[in-house]
Amino acid sequence: QVQLVQSGGGLVQPGGSLRLSCAASGIRVSVNAMDWYRQAPGKGREFVATISSGGWINYADSVKGRFTISRDSAKNTVYLQMSSLKPEDTAVYYCYAATERYWGQGTLVTVSS
């Protein structure tokens, strides 16, 4: 009975910022490894960021220094703060509860002038 409900996607101009949210139920983000993936149009799904239950964080090279993954245990929510956005960041973004192997529904981020 795991649910990952995503929000925060939309249209943003290059250089802008956006924050994605992934609100979990049925699991606790504090004891799960939580990931973000994305899938660009016509492309396969690629890894973006991860945060472990112990707080270890890793990013794909393509987003390092621009994106920040975090979690709020009280809200049982994981976030992806995206800054300095580029057109190549355009994709459907998915949160993933790695320990439970459960995907969110995805949300579209479009970076365009």
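Annotation: Gln3, atom CD; neighbour count of heavy atoms from other residues, nucleotides and ligands within 6.0 Å does not exceed 12.
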Given Ile27 and Leu4, is the side-chain contact (heavy atoms from CB on, under 4.5 Å) satisfied, shown in steps?
-> CA-CA 9 Å; Ile27 62 168; Leu4 301 175; 4.0 Å; yes
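Residues passing the salt bridge (Lys or Arg N to Asp or Glu O under 4.0 Å) test with Lys64, sequence neighbours excluded: Asp61. In terms of the salt bridge (Lys or Arg N to Asp or Glu O under 4.0 Å) criterion, residue partners of Arg66 (sequence neighbours excluded) are, by chain and number, Asp89. Every residue two or more places apart in sequence or in another chain that forms a side chain to side chain contact (heavy atoms under 4.5 Å, CB included) with Ser73 is listed here: Ser30. Under the side chain to side chain contact (heavy atoms under 4.5 Å, CB included) criterion, Ala91 pairs with Arg38, Ala40, Tyr93, sequence neighbours left out. Under the ring-ring contact (aromatic ring centres under 6.0 Å, His included) criterion, Phe47 pairs with Tyr37, sequence neighbours left out. Partners of Gln13 by side chain to side chain contact (heavy atoms under 4.5 Å, CB included), not counting sequence neighbours: none found. Applying the side chain to side chain contact (heavy atoms under 4.5 Å, CB included) rule to Ser70 yields the partners Tyr79; only residues at least two apart in sequence or on another chain are considered. Residues that satisfy the side chain to side chain donor-acceptor pair (under 3.5 Å) test with Thr90, not counting sequence neighbours, are absent from this structure.
Each salt bridge (charged side-chain N to carboxylate O under 4.0 Å, His left out) pair with one or both residues in residues 13-35, not counting sequence neighbours, would appear here, but there are none. The list of disulfide bond (SG atoms under 2.5 Å apart) pairs with a residue in residues 25-81, not counting sequence neighbours, is empty. Pairs of residues two or more places apart, or lying in two chains, never qualify as ring pair (Phe, Tyr, Trp, His ring centres under 6.0 Å) while including a residue from residues 55-77.
In this structure, CG in Leu80 is found 8.0 Å from OG1 in Thr68, a value given to the nearest 0.5 Å. We find the CZ-SG distance between Arg71 and Cys22 to be 13.0 Å, quoted to the nearest 0.5 Å. Distance CG/Leu20 to OG1/Thr77: 12.5 Å, rounded to 0.5 Å.
Scanning all heavy atoms of the two residues, the minimum distance from Asn76 to Val29 falls at OD1-N, 2.9 Å.
Side-chain heavy atoms closer than 4.5 Å link hydrophobic residues (I, L, V, M, F, W, Y) into clusters, and following such links, possibly through other members, connects Ile57 to Trp36. Residues Ile69 and Leu85 are members of one and the same hydrophobic cluster, defined by side-chain heavy-atom contacts under 4.5 angstrom among Ile, Leu, Val, Met, Phe, Trp and Tyr. Hydrophobic clustering (ILVMFWY, side-chain heavy atoms < 4.5 Å, transitive): Met82 and Tyr96 are in distinct clusters. Both Met34 and Val2 are assigned to one and the same hydrophobic cluster, defined by single-linkage of ILVMFWY side chains at heavy-atom distances under 4.5 Å.
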Run the side-chain donor-acceptor check on residues 103-113: report pairs under 3.5 Å with partners two or more places apart or on a different chain.
from   : atom 1 : to   : atom 2 : distance (Å)
Gln105 : OE1    : Gln6 : N      : 3.0
Gln105 : NE2    : Gln6 : O      : 3.0
Thr107 : OG1    : Gly9 : N      : 3.4

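A donor-acceptor pair under 3.5 Å is absent between the side-chain atoms of Ser52 and the main chain of Ala33, judged by distance alone.
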